[in-house]
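What follows is a single structure, written as structure tokens, with notes after it.
When a ligand or atom number is given, it counts from 1 through the structure's own listing order. In what follows, residues are counted from 1 in the order of the sequence shown.
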Amino acid sequence: MPAARSSESVSPTSRMPWVTIDTEALKANWRTLDALSGRARTGAAVKADGYGLGATRVAKALFEAGCRDFFVAWVEEGVSLREGLNAAGYGDARIYVLQGVYLADVPACLAARLIPVLSNLAEIANWCEGLERADARAAAALQFETGMNRLGIDAGELSIVKAAIAGGTLDVRLIMSHLASADEGTVQRKAQHAEFLALTEAFPGIERSLSNSAGSFLGPDFAFDLVRPGIALYGGRAGEPSDGQLKPVATLTAAVLQVRTAKAGEAAGYGAAAKLSRDTRIATVGLGYADGYLRAASGAGVPLRETRPGAMAFVAGHHVPVLGRVSMDLTLLDVTEVPADLVEPGVRAEFFGPNVAIDDVADAAGTIAYELLTGLGRRVARMAVKDLDYFNRLE
Ligand SMILES: *Cc1c(COP(=O)(O)O)cnc(C)c1O
């Protein structure tokens, strides 16, 4: 898996798209969630390369804020995160692997001190057999099914699990489940909470974890011993109670390559989808769906457009609409309302960040901020900046 472009490969004069990562905002979001979680510890989901922003970069910043519990999806992600944290001297992080473990993965898990989250009896058997072959002892977590029907051990299998624990090989340190509707409605989450509570009674003294980001905003009842926020750390919306509480972390910008004026009656972009009803100044920007700026965010000419407005961008202090279809490497902006001398080639437009909420872009594209972040293309350089003011001085 080739790494995304890093800041080392980018000069401030580059016209390629990049995303800046405000690690101070990331830390502030973690502290906000940590304050909400009361006595429970606050962990961090850093799967999918830290929601597209670089797992090691994100985890190092969060470790500095006080986070010690990190969740990835795959053993391979955990191994690479362990290497990154070790290189920074951050040795005592706990790294959980959400998607279980196969027999062949056990040695890598042990070497990198990963804690597998075991979600079915086969995984429990794999893990125990791997430990016995390696003559090792190591901690594991168990995930139970409470209503999502995704990954999880069924309540009916509890006695088999208890027997495995009694066998002495399985050392369970965390019991978890996952909320399906933390940010919508209350019926399902109440049911899941009750079922989880009942299940954990079978494991006295073992730590419990139920909540993702949206669950972290549901009050102390949902916090248990450890919360596992992801999207909220990265500044994405986590249900209504999170509104106004989270700072944007990722800012996607790309440069204007050309500005032209088209006449009323002409059209712009593929399929002539944007019909111009007035003389229109158009800025052509070097960002497209190959960079993860979804075609569904287009201004006109995509199916969603009958029910939702197109996405907005921000350039030279003005909010401007995306014009016509987003193409592979280019997006058109209608900059008619921006004073002409402010928009010229080289000026960068923001596609999400402090001035354009990532959730608004996601809404326009009929998706969620998670998909925008994790879908950022590999050629979009990821750059950590101490703060955006510093970045702006570079431009
Ligand atoms: C991804 C994930 C999280 C974090 O979810 P967010 O909605 O991003 O907060 C927590 N727990 C599990 C099991 C997950 O898969």
State the atoms of ligand 1, each with its element, that fall below the 4.0 Å cut-off from a heavy-atom position in [X].
X: P229; answer: 9 (O)
X: A45; answer: 4 (C)
X: I231; answer: 6 (P), 8 (O), 9 (O)

**Message:** Does any part of the side chain of L252, heavy atoms only, come nearer than 4.5 Å to the side chain of W18, both counted from C-beta?
**Reply:** no
**Message:** Within the 4.5 Å heavy-atom criterion, are Y293 and T331 side-chain neighbours or not?
**Reply:** yes
**Message:** Going by side-chain hydrogen bond (donor to acceptor under 3.5 Å, both in side chains), T146 matches just one of Q192, E195, H178. Which one?
**Reply:**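 Among the candidates, only Q192 passes.
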**Item:** With sequence neighbours excluded, residues passing side-chain contact (heavy atoms from CB on, under 4.5 Å) with D279
**Value:**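 Testing D279 for side-chain contact (heavy atoms from CB on, under 4.5 Å), a comparison that skips the adjacent residues, returns K263, A264.
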**Prompt:** Who passes side-chain contact (heavy atoms from CB on, under 4.5 Å) against L121, sequence neighbours left out?
**Reply:** I124, E157, I160, V161
**Asked** Any Lys/Arg nitrogen of E207 or R41 sitting under 4.0 Å from an Asp/Glu carboxylate oxygen of the other?
**Response** yes
Nearest non-hydrogen protein atom, [atom]:
atom: atom 7 (O) of ligand 1; answer: Y370 OH, 2.6 Å
atom: atom 10 (C) of ligand 1; answer: R228 O, 3.3 Å
atom: atom 1 (C) of ligand 1; answer: K47 NZ, 1.4 Å
atom: atom 8 (O) of ligand 1; answer: Y51 OH, 2.5 Å
atom: atom 9 (O) of ligand 1; answer: S213 OG, 2.5 Å
atom: atom 13 (C) of ligand 1; answer: H178 ND1, 3.5 Å

**Asked** Where's the contact between V117 and ligand 1, heavy-atom distance under 4.0 Å: side chain, backbone, both or neither?
**Response**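 V117 to ligand 1: no contact under 4.0 Å from either part.
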**Request:** Classify the contact between R150 and ligand 1 as side chain, backbone, both or neither, using a heavy-atom distance cut-off of under 4.0 Å.
**Result:**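 The answer is the side chain.
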**Prompt:** Aromatic ring centroids of F203 and F144 under 6.0 Å?
**Reply:**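 Close enough - the centres of the two rings lie under 6.0 Å apart.
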**Prompt:** So, F217 versus F222, ring centres under 6.0 angstrom or not?
**Reply:**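 Centroid separation for F217 and F222: 6.0 Å or greater.
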